[in-house]
Each structure stands twice: as C-alpha cells, then as structure tokens.
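First up is the structure itself, then whatever we jot down about it.
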Amino acid sequence: MTADVVIAGGGPNGLMLASELALAGVRPIVLERLPERSQAPKANGIVGQVVRLLDQRGLYRRFLGVAEPPRPIPMFLFGALPLDLAEIEGNTMYAMGIKQARLEELFEDRARELGVEIRRGRELTSLTQDEAGVTLELDSGERLRTRYLVGCDGAHSTVRKQAGIGFPGVNAFSVISRAGHVVLPEATIRMDRAELELPGVGTVALYAWHRTERGAYALLPMSPEVLTISSVEWGGDDPGEDVEMTLGELGESLSRVLGVDISLAAPPGPGPHLLRRLSGRNTRMADRFRAGRVLLAGDAAHVHSAVGAPGLNLGLQDAANLGWKLAATVRGTAPPGLLDSYDRERRLAAERVTMHSKAQLALMSPGPEVTALREVFGGLLQDMSARGRISALMSGADVTYPMDAPAHPLTGHFVPDLELEPVPLPTLMREGRPLLLDLAGSVRKDVWDGRVDVVTATCAAPPAAALLIRPDGYVAWAGTPDGSLDEAVRTWFG
C-alpha cells in the first residue's frame, strides 16, 4: 500500500496537520503509538495568534461551545512580570482555556469528519527513503510506503532520529521543576477575585507565576478546592529519574521557594492527578525541518521552556504552514520551492520562541543580579510601546515571513482582524483555501482558474485595496491590483 502522506504522532499538532491536508484534498494516515488517547494532565490552554487561526477554521467557537469570536486578553505575564495589555492598540495576545486531553479529542473528531484515517497502537520503528518515497517499518511488523512522512512524534522523535536530522541546543541542568494537583487545607481560595490567601505569605494572585529569591511558583485553580501548583528551583539536588515523585517532595520544594512551611493534601477522587518532576530545561531546534521526503513539526522540530505557554501556538502554526504546501506538492500544483519555504518560515518563528522562553526563565531565576534586572525590565514595561512589542513577541505576531512581493506593511504578517461586510473574515477561511480579498471592487474574478477564491467585501478602514491571503492566514501580497498581484499568485499558488 502506498499513501500520499503518513503522519507519525496523533497529538494536537499531528491531528491539526491531518485536518489541514484533508481540507486541501489529501487524506493522510496518522500513526499513533498509544492504543487510547492519554488522559494524563498536560497543557491547560492555548495562547497566541493560533487562537485566531482556529477561529478562521471554525474551531474556536466549536471547541469552547461559545458564540462570540476570540478577543484579545487584557493581562499576561513575561518572566513573572505583569504585562498590562488593556490599552495596547492592536493587541495581538489571544487565549483559550481548554485541557489538552479535551483538545486532542476534539481535533480527532474533526480529523475523522474530514476522512482522515487514524491508526492507534501503531509505532514507527524505522524508515528508509529514496527519491520516490519513504518505507516505514512498524512495531507490529507491518510495512507502509508513503510519498511523504511527517514527524509529529514529540521531543524524542523517532522520525527525526531515523532521518539523520540533528537536534542541537542546550540543557540548563540546574533547573528542576515540580508540579501537582493539590489541596491547600490552610489556604482560602477566592475564585471571584482570582486570589488565594496563604498563611505566612499573604494574598497571592492565581493564574500567574511568582518569583522569590529562592525560586518561582505558580497557582492554577482546577476547581474551587483543587489547585495545580508548580515550583521551579535552580541548583537544587536532583533525585534522579528512578526516584518516584511524591506530594511531600512537592511540598518541600514549595516551602523552600516561599520560605514558609506549606501543608499540601492530595485532591479527592480517582484522578488522574498530576504529580511530575522535570530535571533540566532543554532548548533545542532541529538543524533542518526537511530531509528529502521527511519533514518535522511541533516538538519533533523544536523544544523549549513552557514559560509563557508558547508550545501549542508554535506547533499548531507549524501544521497550518506545512499543510497547504505539502498538499499542493502532492497534487502537483506547487510552484518551485514551495515546500522548502516551510523550513525557512517556521524556523524564524521557532527562533523567536526559543529566545523569549530562555529570557523569561532567566528573569525568573534567583539572585540579587536578577532582582536588579527585573527592576530595570519592569520599569521598561511601563512604556506602552515596550508592552506592545513584548505582546507581539509572545503571541508570534512579530514573525514576518520573507515574501517576494512589493513592500507593504501587511505583507508577510498574519492577516489583521478585519470586520468585513457582508461575511466575516473567519467564515471566508473555513475551507483553508487561498483567498484574494477585494476591498475596492477592482479585482478580476476569472483569472486564476479556481486556484484562489476571490471575494469582494467592505470594511470601515481598508488596509489596502486588496489582500492575497494564504491558507495559513499570512498575507502574501497587499496593494492595488497590478502585475505584482499576478506574480504573487503564481509564486505561491502556481
């Protein structure tokens, strides 16, 4: 059997990629080593520009069960420093609260609706590739042949290793983090004010990281009684992977960070309850995101600190960037070099994330020098333009792809949040097709043989006479229709 595309890894990134391919007319096979979906506690939400992308696919409101579109959030954190975004013009920081287990369930439902074949309990063990495709060996002894293979199989990616792709980077071995679901018998949680009154400490904000001279900690309420508590320490003793993490160990770590004794209790009910220790902080990036007919996305291509919650924003946008390009390549409609642009563009985004995640972790570390640096940095964040730049950095809105098109402020950026009439922009992008948005009634509609959807619309303040928007939401061209528009269409869509 020969498949057009096989995706190794059935997590959010792999399932998002599968759906993007299916929208573009290519139905991949997804191989997932777990026989059943994991219920282990992981991420609790998505932050960044990808929230708007999910809305453009009709998934934001569907996944959350709400009627309203996403709105920028008024407050966030950078390195445990408050980031007031309420008055930032053009604030690009979006968020949606959803547990990863539920997110994977919804993504899987979406992929199956689109005709994607998902094979659970199938683990890739080895691969060989030639000029025509890739041969896969599975742990069951089964052999598959595919034209293209995409590794969405995480930080320890078998695909990456088998393809001979390097994974250079650094590991901050001195950093030890712990997290668990707990009850604080001596504390008072005020859900209406997002605060916790902790004896010996005082009033502590929930949903936030806090730094002390001994480490950092965060409190995230799971219910009016149960919290997720995380602690980070630098330079402590590493018990080792063979030593089981306990609630007592988490309590001792939290007591060291806070400087007071803290009593923790196990939450009621069967769980699963989070209780985890991570030693070291890996920051790594694959030395190439493509090796012949093998490609990488998500954690298989890059790993970094979780501070600021950038992981799903980065990985899901990898999937959106790769999906339409790989589908066009499979269908034979891709212009020269289209698939190679995936590495070039997403490497830019990954480099920004690895940079700011390392910076945030450094700002949270203990020591008087860091305290002084935080005072300086906190003062800079009083400036509105500085807050805007940090917000754009964390949301990914500052990533500009290199486009072979005349200079325009929008070219290479994620499409602005335009309020269009008569049809909202997200509705126009549901099918993941290239879109030429005519805002001045000056575009011919019969030129590109169905490769691009041409839609005439109006808005209060048109940013340009017309916008050529790629399926992943990025503006490939903007301006007044002329020969440069024809060239942009040929460059990106054949």
May I ask you to check whether Tyr94 and Tyr60 place their ring centres under 6.0 Å from each other? no
Taking distance alone, no hydrogens or angles, what donor-acceptor pairs closer than 3.5 Å link side-chain atoms of residues 404-429 to residues at least two apart or in another chain?
unit_1, atom_1, unit_2, atom_2, d
His408, ND1, Leu410, N, 3.1
His413, NE2, Thr400, OG1, 3.1

Just wondering, more than 12 heavy atoms not from Glu431 lying within 6.0 Å of its CD?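 Count not over threshold, so no.
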Are more than 12 heavy atoms, taken from residues, nucleotides or ligands other than Arg33, located less than 6.0 Å from that residue's CZ atom? no
Between Glu104 and Arg120, is a salt bridge (charged side-chain N to carboxylate O under 4.0 Å, His left out) present by the stated rule, with each step listed? CA-CA 13 Å; Glu104 290 184 10; Arg120 288 196 166 273; 5.5 Å; no
Identify the two heavy atoms, one from [X] and one from [Y], that lie closest to each other, and give their separation to 0.1 Å.
X      : Y      : answer
Leu77  : Pro82  : CD2-CA, 3.8 Å
Gly154 : Arg160 : O-NH1, 3.9 Å
Gly10  : Leu15  : O-CD1, 3.3 Å
Gly45  : Leu312 : O-CD1, 3.8 Å
Val159 : Asp153 : N-OD2, 3.1 Å
Pro72  : Asn91  : CB-ND2, 3.3 Å

Between atom [atom1] of [X] and atom [atom2] of [Y], what is the distance when rounded to the nearest 0.5 Å?
X      : Y      : atom1 : atom2 : result
Gln382 : Asp84  : CD    : CG    : 9.0 Å
Leu381 : Phe78  : CG    : CZ    : 8.0 Å
Asp318 : Phe289 : CG    : CZ    : 6.5 Å
Lys325 : Asp472 : NZ    : CG    : 6.5 Å
Arg276 : Leu250 : CZ    : CG    : 11.0 Å
Thr329 : Leu339 : OG1   : CG    : 4.5 Å

Main-chain N/O of [Y] paired to [X] side chain as donor or acceptor, under 3.5 Å:
X      : Y      : value
Asp438 : Ser442 : yes
His181 : Leu274 : yes
Arg470 : Ala476 : no
Asn44  : Lys99  : no
Arg293 : Arg147 : yes
Arg347 : Ala286 : yes
Arg451 : Phe493 : yes

Does Arg102 form a salt bridge (charged side-chain N to carboxylate O under 4.0 Å, His left out) with Glu105? I'd like the steps, not just the answer. CA-CA 5 Å; Arg102 177 59 175 162; Glu105 178 184 3; 3.1 Å; yes
Any [X] side-chain heavy atom under 4.5 Å of [Y] side chain:
X      : Y      : result
Leu114 : Arg110 : yes
Met384 : Ile88  : yes
Arg344 : Tyr401 : no
Pro310 : His356 : yes
Pro28  : Val116 : yes
Met96  : Val66  : no
Val26  : Leu326 : no
Leu439 : Pro463 : yes

Stepwise, does the side chain to side chain contact (heavy atoms under 4.5 Å, CB included) test hold for Leu21 with Val330? CA-CA 10 Å; Leu21 286 165; Val330 168; over 6 Å; no
Take Glu20 and Arg57, measure what salt bridge (charged side-chain N to carboxylate O under 4.0 Å, His left out) needs, and give me the verdict at the end. CA-CA 10 Å; Glu20 292 293 292; Arg57 293 295 187 267; 2.8 Å; yes
Got a salt bridge between Glu113 and Arg62, using NZ or NE/NH1/NH2 to carboxylate O under 4.0 Å?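 Yes, this pair counts.
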Between Arg112 and Glu108, is there a salt bridge with N-O shorter than 4.0 Å? yes
Decide side chain to side chain contact (heavy atoms under 4.5 Å, CB included) for Leu227 and Leu220; before the verdict, give the C-alpha distance in whole Å, the side-chain angles of both, and the deciding distance to 0.1 Å. CA-CA 6 Å; Leu227 296 165; Leu220 176 67; over 6 Å; no
Run the numbers on Gln49 and Thr92 for side chain to side chain contact (heavy atoms under 4.5 Å, CB included), then give the verdict. CA-CA 7 Å; Gln49 284 290 88; Thr92 58; 3.7 Å; yes
Output, in order, the C-alpha distance, side-chain angles, deciding distance and verdict of side chain to side chain contact (heavy atoms under 4.5 Å, CB included) for Thr491 and Trp477. CA-CA 11 Å; Thr491 297; Trp477 173 94; over 6 Å; no
Do the side-chain N and O atoms of Gln317 and Asn313 include a donor-acceptor pair separated by under 3.5 angstrom? yes
Show, in sequence, the C-alpha distance, side-chain angles and deciding distance for Arg290 and Asp340, and conclude whether the salt bridge (charged side-chain N to carboxylate O under 4.0 Å, His left out) test is met. CA-CA 8 Å; Arg290 179 188 181 190; Asp340 287 330; 2.7 Å; yes
